Q: 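Pasting a structure here, questions to come.
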Amino acid sequence: LKIWVRLLAPFAPHMCEEIWSLLGEMSFISLASWPKPDEKLVDIRSEESENFSKSVMEDTQNIIRATKTTPSKICYYTSAPWKWKLYLMVLEKASEGKPETSTLIRELLKETELREHAKEVANIAPKVAEEIMKMSEEKIKTQLNIGALEEYEILKNTKDFLSKEFNAEIHLFTEDDPKRYDPKQRAKLAKPYRPAIFIE
């Protein structure tokens, strides 16, 4: 409680001085030291998961606004594992400096998993590199530390919330799920951190 009162004090100083006094403190809360964060409690994966959820909600809201529809069903398609492999390799190269496109693609195609998708790799890699180069060094470092984000699991955990938020049925699929419901072939547009979205 003493930590929260000190955090609230700049916004509600008079009330917090009263609470501080009721907590048995003799000096003024305005003179109390600012709480120190416990770095051991920082969970970058949880923070990145939260940022991912917010981004998915914003993208969904933007599509609803643009199409002027009232959704009854929303489908999310998360990226195939090979796209995550590509993304993390490009992220690694970007952390060392701006990667040259042809060199980058040659490096990517050395990986067996990516060679199977050579045409798509050649198309996607430059776009991914361009997006990553716009990110801050700190964000690149954070994403490298986290590795592949469990997008499907995050969406699964927020499914009920998304359903209430958009008043619609929420359906989750992986991009490579052969049984997915995908009448407009949206799944192939999925990218790491940016699931594809289909709204009915």
Side-chain angles (χ1 to χ4, degrees), residues 4 7-8 10-12 37 41-91 94 117 120-121 123-200:
W4 281 107
L7 292 172
L8 186 60
F11 308 100
L41 298 177
V42 174
D43 185 345
I44 59 170
R45 183 171 286 276
S46 292
E47 289 181 5
E48 199 67 8
S49 297
E50 178 72 16
N51 291 335
F52 168 74
S53 298
K54 287 180 184 175
S55 175
V56 168
M57 283 187 62
E58 287 170 9
D59 287 347
T60 307
Q61 286 164 343
N62 289 338
I63 292 170
I64 291 169
R65 273 196 293 270
T67 57
K68 295 180 172 61
T69 57
T70 302
S72 59
K73 180 191 290 185
I74 303 173
C75 300
Y76 295 104
Y77 310 92
T78 58
S79 295
W82 71 265
K83 284 186 180 175
W84 270 105
K85 177 89 172 173
L86 178 149
Y87 186 84
L88 294 173
M89 285 182 70
V90 175
L91 204 59
H117 304 276
E120 291 163 288
V121 167
N123 182 42
I124 294 169
K127 296 171 186 172
V128 170
E130 188 179 340
E131 287 176 16
I132 288 173
M133 291 310 297
K134 292 176 184 174
M135 290 163 44
S136 67
E137 285 183 30
E138 185 181 347
K139 187 166 185 179
I140 290 173
K141 185 179 175 184
T142 298
Q143 290 189 358
L144 276 173
N145 286 338
I146 290 171
L149 203 64
E150 296 291 336
E151 295 178 323
Y152 187 89
E153 288 303 312
I154 295 167
L155 289 174
K156 187 177 171 184
N157 291 335
T158 57
K159 186 177 176 181
D160 290 342
F161 175 78
L162 291 168
S163 181
K164 288 176 186 171
E165 186 70 18
F166 297 114
N167 193 28
E169 289 179 27
I170 303 296
H171 299 271
L172 308 176
F173 304 95
T174 56
E175 176 184 356
D176 50 6
D177 179 356
K179 296 180 181 177
R180 69 181 183 271
Y181 175 75
D182 190 11
K184 298 290 185 180
Q185 300 300 302
R186 291 283 196 270
K188 63 185 177 184
L189 303 175
K191 294 189 291 186
Y193 287 96
R194 297 294 294 272
I197 303 169
F198 171 65
I199 294 175
E200 282 188 340

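As a basis for the values below, the full set of heavy atoms in this structure was taken, side chains included, without hydrogen atoms, waters or symmetry mates. Note that the coordinates shown come from a computational prediction; the quantities given were computed from them, not determined experimentally.
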Q: Return yes if some donor-acceptor pair links the side-chain N/O of S163 with the main-chain N/O of A168 below 3.5 Å, else return no.
A: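 A pair under 3.5 Å: yes.
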Q: Is the shortest heavy-atom distance from the side chain of P37 to the side chain of V42 under 4.5 Å?
A: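 P37 vs V42: side chains apart.
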Q: Evaluate the criterion side chain to side chain contact (heavy atoms under 4.5 Å, CB included) for residue pair E165 and Q61; output intermediate values, then yes/no.
A: CA-CA 10 Å; E165 186 70 18; Q61 286 164 343; 4.1 Å; yes
Q: For the side chain of T60 and the backbone of V56, is there at least one donor-acceptor N/O pair under 3.5 Å apart?
A: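 Side chain of T60 to backbone of V56: a pair is present.
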Q: Look at the aromatic rings of Y87 and W84 and report parallel, tilted or perpendicular, splitting at 30° and 60°.
A: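 Answer is perpendicular, since the angle exceeds 60°.
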Q: Between atom CG of N167 and atom OG1 of T70, what is the distance when rounded to the nearest 0.5 Å?
A: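 One gets 9.0 Å once the value is rounded to the nearest 0.5 Å.
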Q: D177: what forms a side chain to side chain donor-acceptor pair (under 3.5 Å) with it, not counting sequence neighbours?
A: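 Result, side chain to side chain donor-acceptor pair (under 3.5 Å) vs D177: none returned.
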Q: Is the CG atom of D43 crowded by more than 12 outside heavy atoms at less than 6.0 Å?
A: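 Result for CG/D43: enclosed.
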Q: Going by heavy atoms in the side chains, are R180 and T174 under 4.5 Å from each other?
A: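 The answer is no; the side chains never approach within 4.5 Å.
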Q: To the nearest 0.5 angstrom, please state how far the CD atom of E150 sits from the OG atom of S49.
A: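 Answer for the CD-OG pair, E150 versus S49, is 9.0 Å.
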Q: Test I197 against R186 for side chain to side chain contact (heavy atoms under 4.5 Å, CB included), laying out the working first.
A: CA-CA 7 Å; I197 303 169; R186 291 283 196 270; over 6 Å; no
Q: Can you tell me how far apart CD (Q143) and CD1 (I132) are? Round to the nearest 0.5 Å.
A: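 If we round to the nearest 0.5 Å, Q143:CD and I132:CD1 are 7.0 Å apart.
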Q: Any side-chain heavy atom of D176 within less than 4.5 Å of one from P81?
A: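 The answer is yes, as the side chains (C-beta and beyond) meet within the 4.5 Å cut-off.
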Q: How many angstroms lie between CG in L149 and CD1 in I154, if you round to the nearest 0.5 Å?
A: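 Reported to 0.5 Å precision, the distance equals 3.5 Å.
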Q: Under the side chain to side chain donor-acceptor pair (under 3.5 Å) criterion, do E131 and Y193 qualify, and how do the steps go?
A: CA-CA 12 Å; E131 287 176 16; Y193 287 96; over 6 Å; no
Q: Quick one: does any side-chain atom of E175 pair with a main-chain N or O of A80 as donor and acceptor, under 3.5 Å?
A: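 Yes, E175 side chain to A80 backbone: donor-acceptor pair under 3.5 Å.
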Q: Could you give the distance from OG (S136) to NZ (K141), rounded to the nearest 0.5 Å?
A: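 Those atoms lie 11.5 Å apart.
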Q: Given side chains that start at C-beta, do those of L162 and F166 come closer than 4.5 Å, heavy atoms only?
A: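 With C-beta onward as the side chain, the pair touches.
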Q: Check whether any side-chain N or O of K184 sits under 3.5 Å from a backbone N or O of F198 as a donor-acceptor pair, and report yes or no.
A: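 No, K184 side chain to F198 backbone: no donor-acceptor pair under 3.5 Å.
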Q: Could you check if a side-chain atom of K188 sits within less than 4.5 angstrom of a side-chain atom of D182, using non-hydrogen atoms only?
A: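 When only atoms from C-beta onward are counted, D182 and K188 do not touch, as no gap falls below 4.5 Å.
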Q: Side-chain contact, heavy-atom cut-off 4.5 Å: Y76 with E151?
A: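 Side-chain contact under 4.5 Å: no.
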Q: Give me the atom names and distance for the closest heavy-atom approach of S53 to T158.
A: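 Heavy atoms only, the tightest pair is OG-CG2, 3.9 Å.
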Q: Start with the C-alpha distance between Y181 and H171, add both sets of side-chain angles, then the distance that settles side chain to side chain contact (heavy atoms under 4.5 Å, CB included), and finish with yes or no.
A: CA-CA 9 Å; Y181 175 75; H171 299 271; over 6 Å; no
Q: Between E48 and R45, does a side chain to side chain contact (heavy atoms under 4.5 Å, CB included) hold up when you go through it step by step?
A: CA-CA 5 Å; E48 199 67 8; R45 183 171 286 276; 5.8 Å; no
Q: How many angstroms lie between CG in L91 and OG1 in T142, if you round to the nearest 0.5 Å?
A: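 L91 CG to T142 OG1: 10.0 Å, rounded to 0.5 Å.
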Q: With a 4.5 Å heavy-atom cut-off, do T67 and I199 have their side chains touching?
A: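 T67 vs I199: side chains apart.
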Q: Give me the atom names and distance for the closest heavy-atom approach of A190 to S79.
A: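 Scanning both residues completely, I find the closest heavy atoms to be C-OG, 3.5 Å.
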